[in-house]
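We number each residue from 1, following the sequence as shown. These numbers come from a predicted model, not from an experiment.
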Amino acid sequence: MSPNIIKKFLKEKKIDFYLITNNDLHLNESPNLNLKDIYKLFKFDCTRGYILFFIDKFIFFTDSRYTLAAKKFFKNKCEIFNLSEVTIVDYLIKQKKKLSGTLDSKLISVEEFKELNSKLEKNRIIIYPQFKNFFKKKYYPNFNISYPLSMPKYLIPRQFNDNLNKIKNNLKTDGILIWNNAHVAYLLNLRSFELWNSTKPFAGLFIAKKRSIKPVLISNNLNLNKINKIRNSFNIFREEKFIRFLKLSKFKSIETSYEFLNLNIYMRLSKFLNLIETRINISKYLGIKTSKEIKNIETCHIEDGLAVLKFTIDLKQKNISPKNEFEVSKYLYNKRKESINFFRNSFDYISAFDSNAAIIHYKPPPEKSLSFKNRNILLIDSGAQYLEGTTDITRVIKVGKKIHSKIKYSYTYLLKSLIKIENKLFPRNTRSSTIDLYIRNYLSKFKIYYSHGTGHGVGNFGDVHEKYPIISSKSRDILTNNNLFSIEPGHYVEGQFGLRLENLYVTKNLNRGMKLKNITLVPYDLDLVDLRLITNFEREFIKRYHRKIYKILKPRLSNKYDIYFLKNLINKI
């Protein structure tokens with residue numbers, strides 16, 4: 001795939017534009033790089049991105065997390081728009097003329113396509129779904145590196161048969177097609193490793209209402225057959241065979257989620273089936289963790305906290321000498337590899353010095369990242385996949401001798417905002433948007449703002465970004481007992497610095513309301529705290545948190561880490 005091939009196609013077909021998404025077949029948030037069309041075209045990586053490709057130009061759309069990175073990368077090669085300010089629909093309508101375009105129907109959801117088309121059609125702009133590619137395209141990851149496993153019994157939150165029965169009991173049709181592979185992984189207590197930083201199989205799942213019909217895994221990954229429960233209780237069909245199976249079964253209607261199903265599958269099945277939007281909310285089902293899950297997730301945070309603590313102390317004590325940002329992230333990865341039941345990273349680390357930290361989702365390149373020499377602060381956003389759970393944490397570390405007062409001011413208020421939410425008693429069934437606005441309103445008093453969401457759900461040895469709950473001002477999610485999510489306020493000054501603090505929290509219902517319990521076990525950098533700005537209550541709160549971490553990790557701390565912790569993280573405050 002190249003820009004010239006796209007231009008040639010547009011000319012030959014007399015089409016005005018080609019809309020390129022950054023998805024894979026299962027619409028995963030972070031596909032492997034060789035499955036991302038935008039990366040293959042321009043070598044720019046992002047989670048959410050679109051390109052409108054015209055014969056004479058291309059336009060890049062992304063969200064606020066990547067706009068600064070995109071501007072630095074593309075420079076003056078294209079226009080760049082923040083999707084919260086200018087959408088693809090906005091841009092096309094502003095052209096004020098009749099246009100026609102196309103897109104790969106396998107790489108966009110039914111919901112997104114319907115929303116795009118309904119708005120554009122009113123303005124004489126048509127997007128045609130493309131079913132056959134005009135260039136060679138790789139749609140599947142490498143299954144030869146796949147190592148599927150069934151979760152150990154002692155870690156299973158809910159038996160897979162119970163999950164299937166719960167789905168069946170709530171069906172309003174002949175069956176349900178589940179295309180979100182994170183849902184498939186969770187429902188079947190199944191994990192696999194063909195997607196980078198992920199633990200979910202590249203597979204869909206069909207569950208029939210009739211008990212006599214075996215559920216079907218839709219996948220090209222034959223390694224799944226090596227798992228006894230899959231081999232004995234499921235059929236494994238490739239996509240074509242699955243479609244033939246549905247035709248022969250003579251189902252009249254099935255349900256699915258338009259948010260997660262790709263348009264191509266939808267249109268193929270709609271020729272002979274009635275596909276309706278399901279009311280079964282699997283994302284919410286995953287998002288309400290069982291007590292066993294919470295216990296296991298807390299266990300993996302002990303391992304994670306130990307690794308991040310050792311990394312932080314080694315960096316501050318100059319026990320390590322990384323050359324640049326990339327080597328910093330590599331060192332933390334190697335520390336995590338020493339942990340019990342560590343499998344892999346949960347995402348590519350954000351490791352950024354000084355002004356690079358203002359690029360919200362900055363990923364350090366191996367060759368050209370900033371050197372460690374003469375730097376002031378490091379922002380490190382990282383996470384891991386453990387057998388017991390998934391972690392995601394952000395800390396800012398002082399690595400230079402002098403820190404500007406603006407940095408200490410902002411860092412201190414970010415820390416104070418976390419202390420406030422941990423001590424706040426929220427009403428039960430609080431909307432997640434309430435948490436978001438509570439933190440933003442507090443920080444805005446001190447002129448501290450951030451353009452990204454405040455938090456996201458986190459999986460259980462699964463997706464580091466789960467769809468429920470989303471902590472943002474636009475979210476309509478309602479928080480219940482045992483939700484697990486991040487809280488990550490930040491402050492970014494382009495060309496100067498970027499700050500973010502991120503912990504994972506579990507909601508706990510009490511008689512009088514709901515509290516947020518911090519399960520992250522990594523201390524804050526007291527060298528960045530302006531002690532004049534914190535109250536005695538906040539001082540004692542930080543000290544109590546650090547003492548808790550010390551008590552849990554002390555049995556596994558060697559003398560050099562033990563001494564540093566007591567001197568710089570407890571006695572200092």
Side-chain angles (χ1 to χ4, degrees), residues 24-28 32 139-169 171 174-196 198-246 248-249 251 254 256-257 260-261 265 280 282 285-286 290 292-293 296 341 343-344 385 387-390 459-463:
D24 62 18
L25 280 177
H26 287 279
L27 311 177
N28 288 300
N32 295 354
Y139 286 106
Y140 296 94
N142 180 5
F143 293 120
N144 292 328
I145 62 168
S146 173
Y147 300 97
L149 64 89
S150 185
M151 291 286 287
K153 287 183 180 178
Y154 75 97
L155 292 176
I156 289 172
R158 300 169 171 114
Q159 296 294 326
F160 84 91
N161 278 323
D162 293 341
N163 290 334
L164 295 183
N165 287 332
K166 184 177 178 66
I167 298 287
K168 287 181 180 183
N169 292 337
L171 286 174
D174 296 319
I176 184 170
L177 175 57
I178 300 168
W179 200 246
N180 182 321
N181 48 338
H183 293 173
V184 176
Y186 187 89
L187 293 173
L188 304 186
N189 297 312
L190 183 67
R191 301 295 187 270
S192 196
F193 302 97
E194 55 266 20
L195 292 174
W196 303 344
S198 176
T199 62
K200 55 197 175 188
F202 205 74
L205 174 66
F206 177 74
I207 305 168
K209 191 172 181 68
K210 280 188 180 178
R211 308 277 167 177
S212 58
I213 300 176
K214 271 187 178 183
V216 179
L217 269 174
I218 306 114
S219 180
N220 288 22
N221 186 1
L222 299 180
N223 291 316
L224 292 167
N225 255 325
K226 295 176 182 178
I227 299 173
N228 286 337
K229 72 180 179 189
I230 300 300
R231 188 169 58 250
N232 297 333
S233 303
F234 295 79
N235 285 316
I236 301 180
F237 295 156
R238 293 175 186 264
E239 189 178 308
E240 296 300 324
K241 189 173 180 180
F242 169 65
I243 291 172
R244 288 198 301 271
F245 157 78
L246 288 181
L248 292 170
S249 299
F251 297 123
I254 65 171
T256 190
S257 168
F260 301 120
L261 186 68
I265 294 279
I280 300 172
I282 300 175
Y285 182 59
L286 270 63
T290 66
K292 183 185 280 190
E293 279 180 283
N296 291 328
N341 288 339
F343 272 75
R344 64 197 332 190
Q385 300 283 9
L387 193 57
E388 293 83 4
T390 303
N460 170 20
F461 191 30
D463 271 349

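- Atom CZ of residue Phe461 and atom CG of residue Asn341 lie 8.5 Å apart, to the nearest 0.5 angstrom.
- Between Pro201 and the choices Ser146, Ser192, Pro148, the side chain to side chain contact (heavy atoms under 4.5 Å, CB included) rule is met once, by Ser192.
- Taking CD from Gln159 and NZ from Lys229, the interatomic distance works out to 8.5 Å, rounded to the nearest 0.5 Å.
- The nearest pair of heavy atoms linking Thr390 to Gln385 is OG1-OE1, 2.7 Å.
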query: Hey, mind stepping through Lys292 and Arg158 against side chain to side chain contact (heavy atoms under 4.5 Å, CB included) and telling me if it holds?
result: CA-CA 9 Å; Lys292 183 185 280 190; Arg158 300 169 171 114; over 6 Å; no
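- In this structure, Arg191 fails the cation-pi test against Phe343, since its NZ or CZ atom is not both closer than 6.0 Å to the six-membered ring centre and inside 45 degrees of the ring normal.
- Using a 4.5 Å heavy-atom cutoff, the side chains of Leu164 and Phe234 are in contact.
- Judged by distance alone, with hydrogens and angles left aside, the side-chain atoms of Lys209 form a donor-acceptor pair with the main-chain N or O of Leu171 at under 3.5 Å.
- In terms of heavy-atom proximity, Asn189 sits nearest to Pro157 at OD1-CD, 3.9 Å.
- The shortest distance between side-chain heavy atoms of Leu222 and Phe143 does not fall below 4.5 Å.
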task: Kindly indicate, with the supporting measurements, whether the criterion side chain to side chain contact (heavy atoms under 4.5 Å, CB included) is fulfilled by Lys200 and Tyr186.
output: CA-CA 8 Å; Lys200 55 197 175 188; Tyr186 187 89; over 6 Å; no
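- Scanning all heavy atoms of the two residues, the minimum distance from Leu387 to Tyr154 falls at CD2-OH, 4.1 Å.
- Atom CD of Glu194 and atom OH of Tyr140 lie 12.5 Å apart (nearest 0.5 Å).
- Ser257 places none of its side-chain heavy atoms less than 4.5 Å from the side chain of Asn180.
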- prompt: Hey, mind stepping through Arg238 and Asn220 against side chain to side chain contact (heavy atoms under 4.5 Å, CB included) and telling me if it holds?
  reply: CA-CA 5 Å; Arg238 293 175 186 264; Asn220 288 22; 3.2 Å; yes
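- Within 6.0 Å of NZ on Lys166 lie no more than 12 heavy atoms contributed by other residues, nucleotides or ligands.
- Residues Thr199 and Phe193 form a side-chain contact, since some pair of their non-hydrogen atoms from C-beta on lies under 4.5 Å apart.
- Side-chain contact between Asn221 and Phe202 is absent, with no heavy atoms from C-beta onward closer than 4.5 Å.
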- prompt: Hey, mind stepping through Trp179 and Ile218 against side chain to side chain contact (heavy atoms under 4.5 Å, CB included) and telling me if it holds?
  reply: CA-CA 9 Å; Trp179 200 246; Ile218 306 114; 4.1 Å; yes
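- The minimum heavy-atom distance between Arg211 and Asn169, with the atom names listed, is NH2-OD1, 2.8 Å.
- Residue Ile207 comes nearest to Ile167 through the heavy atom pair CD1-CG2, 3.9 Å, listed as atom of the first residue, atom of the second, then distance.
- Side chains of Phe160 and Leu190 form no contact here, defined as non-hydrogen atoms less than 4.5 Å apart.
- Inspection of the Asn235 and Lys241 side chains reveals no N or O donor paired with an N or O acceptor under 3.5 Å.
- With values rounded to the nearest 0.5 angstrom, Ile254 atom CD1 is found 9.0 Å from Ile176 atom CD1.
- Residue Lys226 qualifies as open at atom NZ: its count of foreign heavy atoms under 6.0 Å is 12 or below.
- Side-chain contact between Ile265 and Leu177 is present, with at least one heavy-atom pair separated by less than 4.5 Å.
- In this structure, Phe206 has its ring center closer than 6.0 angstrom to the ring center of Phe251.
- Leu286 has its side chain out of reach of Asp463: every pair of non-hydrogen atoms, C-beta onward, lies at least 4.5 Å apart.
- Closest approach of Asn181 to Ala203, counting heavy atoms only: CB-O, 3.3 Å.
- For the atom pair Ser150 OG and Ile230 CD1, the distance stands at 7.0 Å (nearest 0.5 Å).
- Taking CD1 of Ile145 as the start and CG of Leu195 as the end, the distance is 9.0 Å to the nearest 0.5 Å.
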